[in-house]
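Worksheet: the structure to be examined is printed underneath.
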Amino acid sequence: MKINQTIAYFSMEIGIDPEMPTYSGGLGILAGDTVRSAADLGVPMVAVTLLHRKGYFRQCLGEDGTQTEQPVSWTVEDKLTEMESRTMVVLEGITVNLRAWRYDVVGATGHIVPIYFIDSDLPENGDEQRTLTNHLYGGDLKYRICQEFILGIGGLRMLRALGHADVRRFHMNEGHASFLTFVLLAESAKAAGREEIADEDFGNVRDRCIFTTHTPVPAGHDKFPIELAERVIGHHKAFKVKDLFLENGEVNMTYLALNLSRYVNGVAKKHGEVSRSMFENHEIDSITNGVHAATWTCPSFQELFDRHIPFWREDNFSLRHAMGIPSEEIWHAHLEAKRALIDYVNAETGLGMDPNILTIGFARRVTAYKRADLLFEDIKRLKKIARGAGAFQIVFAGKAHPKDEPGKDLIRSIYKAAAQMNPEIKVAFIENYNFTLGALITSGVDIWLNNPKPPLEASGTSGMKSAINGVPSLSILDGWWIEGCLEGQTGWAIGGEVDGVETADDRDADSASIYDKLENVIIPLYYGDRDGFIDVMRVAIAVNGSYFNTQRMMQEYVVRAYLD
Ligand SMILES: *Cc1c(COP(=O)(O)O)cnc(C)c1O
């Protein structure tokens, strides 16, 4: 591949600007970080996503932790530039006209990666069609298949309309964009002078597609009833080649991507293994996720790195030189980040948290497998630890998907536990977890807690954000932490590594392991051997910050997936 040939990166969500609510969680944040690192490295890339005018949602929490959702409003024109090109798709026999808005991501050395946000809100469309791109993961299955058709087919047609004839490879970030293969199949048939798609088109398309899967459970993969698909998108000529996407009588977006990609990967080594066991007939590699270092490093550590490691933004690997930064300077930078968080928490909650107390952070999408309430399995024991080993306080945040009732119950149960813990142990649940709050929490706590049911955490990235800010993890050995944990050096493991790919959910053993580590290792280290604690912070930056970043990740994609 010539380096002047472009990679088109398709993602249903891209979190690129804290003021643009065009992401819901980890997938979108990763997509944004991916694009930023491509820009830093000068990778020729264009990105395509949808314009979510109403965003994901703003979370409001009632007295008892009951979540309600409000739309987020933002002014598209303030952030994006409208392009003149237009394209269209047909859905249920109705034409949907589409436009694109451009956002330029400028890399560390000035290279630009444009992101095109596809928008159906045009006056020439019907009322229903105008709202199709509004809500991220909103609406019913029909809304969802329409959005995926707009992303894959509308997005690729828009690239053509914008003049991007040079796209060599298409990278599908999760299965939501798999319909782009329909356009490539049709183009391949047309180039061969055929009306209908034939087997030889499959190879042509496969040579150009890359697929990253993020979901370690079969139920998490996008599927649509065949009758619905037939009605909405059945007119497309690729819909006749049912072998490509039909699985158990449903349109399966993952199978479509698997069948038509030359390179497929999971997002951590363990997730690669789990994915190979789910899709036995496919070759699946793994490239472990990362975070964009400069974006997720808090101001005080940016200043510290700028002084000690001058080229860390252009060369994230040089963060290994954190090994030479004196302890007092690391602690000072950390306290600044911690004060910023504690001030915010106190202003939000009036809890009067103290920056001198060991602070544990837990923030992520609230959904059953992440077990946000695991820490409260034995509240008596927690209180005993706080009285004996030393005080600690806890900061939570996280949104549940509007339709995830068990997730919403989890937030209420954390509120209940918090009421039982206060005032001996202060527990705060901060509303509306988003980009900005994520940056504040991952850098401002002393310990980053993560306790999903293994192996359901495909990768996890918030612990990587913490590491870069010198915040060690206390985590289940799952996802990236299997690769990132050096016990007692970069952080601590909860329990041992689970063999194989079956889901484990031993709440008693896992919570006991958390209590043991807190009581016997972490709290004594924090209060009794501050220099020893700072040594762990330093190694977290040097070993994990220098590796679990999207610069290293993007280089792996270039070498293994993008180049021939
Ligand atoms: C980093 C981030 C995530 C992803 O974190 P995980 O560890 O994968 O759960 C989700 N939401 C926001 C707002 C983030 O900043």
Side-chain angles (χ1 to χ4, degrees), residues 11-34 36 55-59 72 136-137 173-174 212 214-216 220 266-268 270-271 288-293 295-298 341 361-372 374 395-401 404 407 410 430-445 447-469 471-485 491 544-545 548-550 553:
S11 184
M12 182 56 88
E13 44 174 316
I14 301 187
I16 195 68
D17 182 315
E19 288 166 12
M20 288 165 49
T22 52
Y23 63 94
S24 86
L27 186 74
I29 298 280
L30 175 81
D33 284 2
T34 299
R36 271 186 272 265
Y56 188 48
F57 65 89
R58 185 186 157 77
Q59 178 192 48
V72 198
L136 175 58
Y137 307 136
N173 187 42
E174 197 47 291
T212 301
H214 296 259
T215 318
V267 289
K270 180 76 175 187
H271 181 234
T288 303
N289 282 164
V291 295
H292 188 258
T295 298
W296 295 103
T297 302
C298 67
L341 171 67
F362 185 107
R364 44 189 54 85
R365 208 156 47 81
V366 185
T367 188
Y369 85 84
K370 302 230 186 200
R371 299 192 295 189
L374 185 72
V395 180
F396 276 95
K399 293 175 179 174
H401 185 278
D404 183 356
L410 272 173
I430 308 295
E431 240 172 21
N432 204 36
Y433 182 43
N434 61 15
F435 202 115
T436 312
L437 188 54
L440 199 62
I441 303 188
T442 52
S443 61
V445 296
I447 295 290
W448 192 247
L449 178 69
N450 191 20
N451 48 37
K453 298 179 196 173
L456 301 185
E457 184 89 315
S459 166
T461 54
S462 53
M464 303 174 182
K465 298 170 194 165
S466 298
I468 248 172
N469 289 288
V471 174
S473 283
L474 168 61
S475 173
I476 290 274
L477 286 168
D478 196 14
W480 81 281
W481 190 236
I482 297 172
E483 299 162 53
C485 179
N544 286 344
F548 294 99
N549 53 68
T550 39
M553 182 196 84

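Counting convention: from 1, in listed order, for ligands and their atoms alike. Just so you know, these numbers use all the heavy atoms, side chains as well, and skip hydrogens, waters and symmetry mates.
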Discussion item. For a side-chain hydrogen bond (donor to acceptor under 3.5 Å, both in side chains) check, start with the C-alpha distance between Ser443 and Asn469, then their side-chain angles and the critical distance, and finish with the verdict.
Written reply: CA-CA 5 Å; Ser443 61; Asn469 289 288; 4.8 Å; no
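Looking at His214 and Asn173, their side chains come closer than 4.5 Å, going by heavy atoms from C-beta outward. At least one side-chain heavy atom of Lys399 sits less than 4.5 Å from a side-chain heavy atom of Asn432.
In terms of modelled atom types and a separation under 3.5 Å, the side chain of Arg36 and the main chain of Ile16 share a donor-acceptor contact. The main-chain N or O of Phe435 is found under 3.5 Å from a side-chain atom of Tyr23 such that the two form a donor-acceptor pair.
Ion pairing between a basic and an acidic side chain is recognised when a charged N comes within 4.0 Å of a carboxylate O; Glu457 and Lys270 show no such pairing.
Sorted by chain and number, the heavy-atom contacts of ligand 1 below 4.0 Å come from Gly25, Gly26, Ile29, Trp296, Arg364, Lys370, Tyr433, Asn434, Phe435, Gly460, Thr461, Ser462, Lys465.
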